[in-house]
K.L.:
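First, the structure itself, so that you have it in front of you.
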Amino acid sequence: MKLPLQGTRVLELTHVWSGPLCGQVLADLGAEVIRVESHARLDIHRRGGPYPDNIAGINRSGTWNAQNRNKLGCTLDLKSAEGKALFLELVAHSDVVIENFTPDTMNRLGLGFEVLQQANPRILLLSLSGYGHTGPLRKSLAYGPMMDAATGLSSATTYEDGIPRAVNGWAADVGGALYGCAALVRALHETPRQARHLDISQFEAGVMFVAGPLMDVLNGSEAASTGLRMLAPTLGTEQWIALSAGTLEEITALFDLLTGRAATSGWMRRLHAEGATACVHALQPLLEQWAAARARASALAELAAAGVPAVPISQLADLLADPALEAAGAWSHAVHAETGVAQSYGPAIRLRDGSGVRPDYPRAAPLFGGDNDYVFGSILGLDAGKRADLAGRKII
């Protein structure tokens with residue numbers, strides 16, 4: 001089955017999370033994505049683990065390997081004249097360049113949009129920066145917890161103690177990556193042979209992701225004021241459940257289940273009218289006592305039978321073993337040259353062939369410089385001697 005972006009070549013100059021995630025989604029859609037790395041500066045996720053069997057190595061990081069499956073990889077020194085020239089040759093053979101450096105970095109490297117356009121008059125450059133390439137904050141750093149605060153996510157995750165929480169840049173990084181993918185797909189189809197510089201602000205993308213929940217929380221909407229959201233630990237270690245009861249019927253059913261008796265309609269209506277805070281104060285101690293005496297699976301089954309929406313608070317081990325996720329093809333099982341068969345997150349966008357079965361196309365993350373022969377030999381036509389010379393001098 002032909003994938004939507006099959007035949008599209010992407011050069012990925014990225015680091016950390018947002019840029020690599022964008023490249024991964026494009027690869028899942030069929031693009032040939034080549035991750036360009038440098039000997040001088042390894043991605044922090046190559047150096048950060050976790051490592052299988054606690055054996056460290058730049059090709060063994062679970063985080064890096066998960067983020068870069070389905071990609072090719074090459075090494076190139078973009079600060080050298082030879083490396084820059086080779087990169088521009090690759091640009092001439094490509095359709096897209098992705099970068100998530102701070103603004104002006106590409107210009108300082110001598111690889112700004114105008115230079116790329118000279119090398120390839122139809123190149124698309126996607127820039128994923130913290131605050132975009134224009135405006136007063138364009139050069140500001142965009143570390144994860146800072147972006148939580150800036151986008152408003154920390155306000156939406158403030159608990160009763162009044163302390164805002166950080167979830168490490170989820171909204172901005174993921175939002176920027178996905179908006180970037182959408183922008184590229186649009187440009188590839190709207191103006192397929194026209195050079196364009198696509199500028200994505202992770203801050204703006206994060207705000208768009210958070211805006212709905214933030215308005216619920218800060219404006220005291222009906223959903224926020226009447227919806228009952230509660231957490232409780234069940235029998236066992238780190239076995240928590242979360243439930244949400246948004247209607248009078250659901251809250252009444254929860255009360256009946258926790259107390260073993262039917263609630264009087266007048267009392268429940270009065271409690272419901274007082275809002276979510278009053279409901280939580282009345283029911284939270286009962287829920288904690290009830291849940292502590294039950295295994296999590298049993299508690300969830302009883303809540304479901306009573307008509308109260310509830311889910312487990314999952315940890316990674318729970319998700320990796322989840323039969324529904326496995327059956328849906330949510331996990332990728334690729335054979336890595338150094339770590340063996342690795343389970344990591346698969347493509348969120350699943351394409352199915354005529355039989356109704358999603359074709360499996362996982363490719364393990366590239367070894368450091370593992371595709372240099374293909375990139376510089378097959379694409380650029382450099383012979384083995386020239387490639388060996390460049391490798392010996394760490395140009396590639």
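Residues: numbered from 1 along the sequence shown. All values below come from the heavy atoms of this structure, side chains included, with hydrogens, waters and symmetry mates left out.
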K.L.:
Do Val10 and Leu5 have side chains that get closer than 4.5 Å, going by heavy atoms?
P.N.:
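In short, these two side chains do not touch, never coming nearer than 4.5 Å.
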K.L.:
Any ion pair linking Asp371 and Lys71 (charged N to carboxylate O, less than 4.0 Å)?
P.N.:
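Asp371 and Lys71: not salt-bridged.
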K.L.:
Might you work through the side chain to side chain contact (heavy atoms under 4.5 Å, CB included) test for His39 and Phe368, ending with a clear yes or no?
P.N.:
CA-CA 9 Å; His39 288 276; Phe368 186 69; 3.5 Å; yes
K.L.:
Quick check: closest heavy atoms across Ser18 and Ala177, and the distance to 0.1 Å?
P.N.:
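Heavy atoms of Ser18 and Ala177 come nearest at O-CB, 3.4 Å.
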K.L.:
Do any N or O atoms from the side chain of Glu250 and from the backbone of Ala306 form a donor-acceptor pair under 3.5 angstrom?
P.N.:
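Such a contact is absent between Glu250 side chain and Ala306 backbone.
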K.L.:
Determine whether Thr63 and Pro50 make a side-chain contact, defined as any pair of heavy atoms from C-beta on separated by less than 4.5 Å.
P.N.:
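Yes. Closest side-chain heavy atoms under 4.5 Å.
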K.L.:
Can you see which heavy atom on Ser201 is nearest to which on Gly130, and at what distance?
P.N.:
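Looking at all heavy atoms of both residues, the shortest contact is OG-O, 3.7 Å.
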K.L.:
With the side chain counted from C-beta on, respond yes when Val308 and Glu302 share a heavy-atom pair under 4.5 Å apart, and no when they do not.
P.N.:
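Of all side-chain heavy-atom pairs linking Glu302 with Val308, none is under 4.5 Å.
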K.L.:
Linking I/L/V/M/F/W/Y whenever their side-chain heavy atoms sit closer than 4.5 Å, directly or via other members, would Ile395 and Leu111 fall into one cluster?
P.N.:
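Linked within one cluster.
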K.L.:
If only atom types and distance count, is the side chain of Arg387 paired as donor or acceptor with the main-chain N or O of Phe376 below 3.5 Å?
P.N.:
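No; zero donor-acceptor contacts below 3.5 Å.
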K.L.:
Between Gln315 and Ala317, is there a donor-acceptor pair closer than 3.5 Å when you use the side chain of the first and the backbone of the second?
P.N.:
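Judged by distance alone, no pair lies under 3.5 Å.
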K.L.:
Give the ring-plane orientation class for His197 versus Phe113, where under 30° counts as parallel, over 60° as perpendicular and anything between as tilted.
P.N.:
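Rings of His197 and Phe113: parallel, as their planes differ by under 30°.
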K.L.:
If only atom types and distance count, is the side chain of Gln24 paired as donor or acceptor with the main-chain N or O of Ala66 below 3.5 Å?
P.N.:
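Pair found, side chain donor or acceptor close to backbone of Ala66.
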K.L.:
Looking at Asn54, I'd like to know if its CG atom is crowded, meaning that more than 12 non-hydrogen atoms belonging to other residues, nucleotides or ligands lie closer than 6.0 Å.
P.N.:
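Check fails, neighbour count at 12 or below.
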K.L.:
Step by step, work out the side chain to side chain contact (heavy atoms under 4.5 Å, CB included) result for Val97 and Leu125.
P.N.:
CA-CA 5 Å; Val97 174; Leu125 172 62; 3.8 Å; yes
K.L.:
Does any non-hydrogen side-chain atom of Asn100 lie less than 4.5 Å from one of Trp17?
P.N.:
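No, side chains not in contact.
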K.L.:
Is Ile200 reachable from Phe101 through a run of I, L, V, M, F, W or Y residues, each pair having side-chain heavy atoms under 4.5 Å apart?
P.N.:
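No; Ile200 is not reachable from Phe101 via cluster members.
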K.L.:
Please give me the minimum heavy-atom distance between Val115 and Gly110, naming the atom from each residue.
P.N.:
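Smallest heavy-atom distance, with atoms named: CG1-O, 3.5 Å.
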K.L.:
May I ask you to decide if His45's main-chain N or O and Asp43's side chain share a donor-acceptor pair within less than 3.5 Å?
P.N.:
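Yes, because the side chain of Asp43 sits within donor-acceptor range (under 3.5 Å) of the backbone of His45.
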K.L.:
Kindly give the heavy-atom pair with the smallest separation between Pro312 and Leu300, and that separation in Å.
P.N.:
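That closest heavy-atom pairing would be CD-CD1, 3.8 Å.
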K.L.:
Show your reasoning for whether side chain to side chain contact (heavy atoms under 4.5 Å, CB included) applies to Asp173 and Val16.
P.N.:
CA-CA 10 Å; Asp173 277 308; Val16 192; over 6 Å; no
K.L.:
Let me confirm one number: the SG-CG distance from Cys74 to Leu11, rounded to the nearest 0.5 Å.
P.N.:
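Cys74 atom SG to Leu11 atom CG measures 7.5 Å (nearest 0.5 Å).
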K.L.:
Pair Leu26, Glu12 - check side chain to side chain contact (heavy atoms under 4.5 Å, CB included), show working.
P.N.:
CA-CA 11 Å; Leu26 296 175; Glu12 186 188 310; over 6 Å; no
K.L.:
Mind checking the NZ-NZ spacing from Lys79 to Lys84? Nearest 0.5 Å is all I need.
P.N.:
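If we round to the nearest 0.5 Å, Lys79:NZ and Lys84:NZ are 10.5 Å apart.
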K.L.:
Pair up each side-chain donor or acceptor in residues 178-189 with any protein partner under 3.5 Å, not counting sequence neighbours, and list the distances.
P.N.:
| from | atom 1 | to | atom 2 | distance (Å) |
| --- | --- | --- | --- | --- |
| Arg186 | NE | Glu190 | OE2 | 3.2 |
| Arg186 | NH2 | Glu190 | OE2 | 3.3 |

K.L.:
Does Ser38 use its side chain to pair, donor to acceptor, with the backbone of Asp77 at less than 3.5 Å?
P.N.:
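Looks like no, no N/O pair under 3.5 Å.
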K.L.:
Keeping to residues at least two apart or across chains, list the side chain to side chain donor-acceptor pair (under 3.5 Å) pairs with something in residues 115-124.
P.N.:
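Listed once each, the pairs are Asp95-Arg122.
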K.L.:
Would you name the heavy atoms of Met230 and Leu283 that are closest together and state the gap between them?
P.N.:
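Scanning both residues completely, I find the closest heavy atoms to be CE-C, 3.5 Å.
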K.L.:
Quick one: does any side-chain atom of Asp322 pair with a main-chain N or O of Asp318 as donor and acceptor, under 3.5 Å?
P.N.:
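Absent.
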K.L.:
Calculate, to the nearest 0.5 Å, the distance between atoms CG and CD1 belonging to Leu13 and Ile34 respectively.
P.N.:
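These two atoms lie 11.0 Å from each other.
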K.L.:
Heavy atoms only: give me the nearest Cys22-Leu128 pair and the separation to one decimal.
P.N.:
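Looks like CB-CD1, 3.9 Å.
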K.L.:
Taking the side chain as every heavy atom from C-beta outward, state whether Pro20 and Arg35 have any atom pair closer than 4.5 Å.
P.N.:
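They are in side-chain contact.
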K.L.:
Could you tell me whether the side chain of Leu254 reaches within less than 4.5 Å of the side chain of Trp290, counting heavy atoms only?
P.N.:
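No, every pair of side-chain atoms sits at 4.5 Å or beyond.
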K.L.:
Please answer: with hydrophobic residues joined when any side-chain heavy atoms are less than 4.5 Å apart, are Leu198 and Leu116 in the same cluster?
P.N.:
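Result: no, two separate clusters.
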K.L.:
Just verifying a value: how many Å separate Leu257 CG and Thr252 OG1, rounded to the nearest 0.5 Å?
P.N.:
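Leu257 CG to Thr252 OG1: 12.5 Å, rounded to 0.5 Å.
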K.L.:
Hey, could you give me the CG/CD1 distance between Asn372 and Ile396, rounded to the nearest 0.5 Å?
P.N.:
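One finds 5.0 Å between CG of Asn372 and CD1 of Ile396.
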K.L.:
Do any N or O atoms from the side chain of Thr339 and from the backbone of Arg60 form a donor-acceptor pair under 3.5 angstrom?
P.N.:
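Between the backbone of Arg60 and the side chain of Thr339 there is no qualifying donor-acceptor contact (under 3.5 Å).
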K.L.:
Check whether any side-chain N or O of His336 sits under 3.5 Å from a backbone N or O of Asn59 as a donor-acceptor pair, and report yes or no.
P.N.:
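Flag set: sc His336 to bb Asn59 pair under 3.5 Å.
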K.L.:
Test of understanding: clusters of I, L, V, M, F, W, Y form through side-chain heavy atoms closer than 4.5 Å, transitively. Do Val33 and Val91 belong to the same one?
P.N.:
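No, it is not one cluster - the side chains of Val33 and Val91 are not joined through contacts under 4.5 Å.
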K.L.:
Just how far is it from atom NE2 of His15 to atom CD1 of Ile44, taken to the nearest 0.5 Å?
P.N.:
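CD1 of Ile44 is found 8.5 Å from NE2 of His15.
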K.L.:
State, yes or no, whether a side-chain contact exists between Pro366 and Trp64 at a heavy-atom distance under 4.5 Å.
P.N.:
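Result yes, sub-4.5 Å side-chain heavy-atom pair found.
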K.L.:
Could you state whether Leu76 and Ile98 fall into the same hydrophobic cluster, counting links through intermediate Ile, Leu, Val, Met, Phe, Trp or Tyr residues with side-chain heavy atoms under 4.5 angstrom apart?
P.N.:
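Looking at the clustering, Ile98 is in a separate group from Leu76.
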K.L.:
State whether the side chain of Arg46 and the backbone N or O of Ile58 hold a donor-acceptor pair below 3.5 Å, judged by distance alone.
P.N.:
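Pair found, side chain donor or acceptor close to backbone of Ile58.
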K.L.:
Verify the distance criterion only: is there a donor paired with an acceptor across the side chains of Thr75 and Glu37 at less than 3.5 Å?
P.N.:
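No - no donor-acceptor pair under 3.5 Å links their side chains.
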K.L.:
So, Ser80 and Glu82: side-chain donor and acceptor under 3.5 Å apart, yes or no?
P.N.:
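No, no side-chain donor-acceptor contact under 3.5 Å.
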K.L.:
Count the heavy atoms of every other residue, nucleotide or ligand shown that sit under 6.0 Å from CD of Gln289, and state whether that count exceeds 12.
P.N.:
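Not buried by this count: 12 neighbours or fewer within 6.0 Å.
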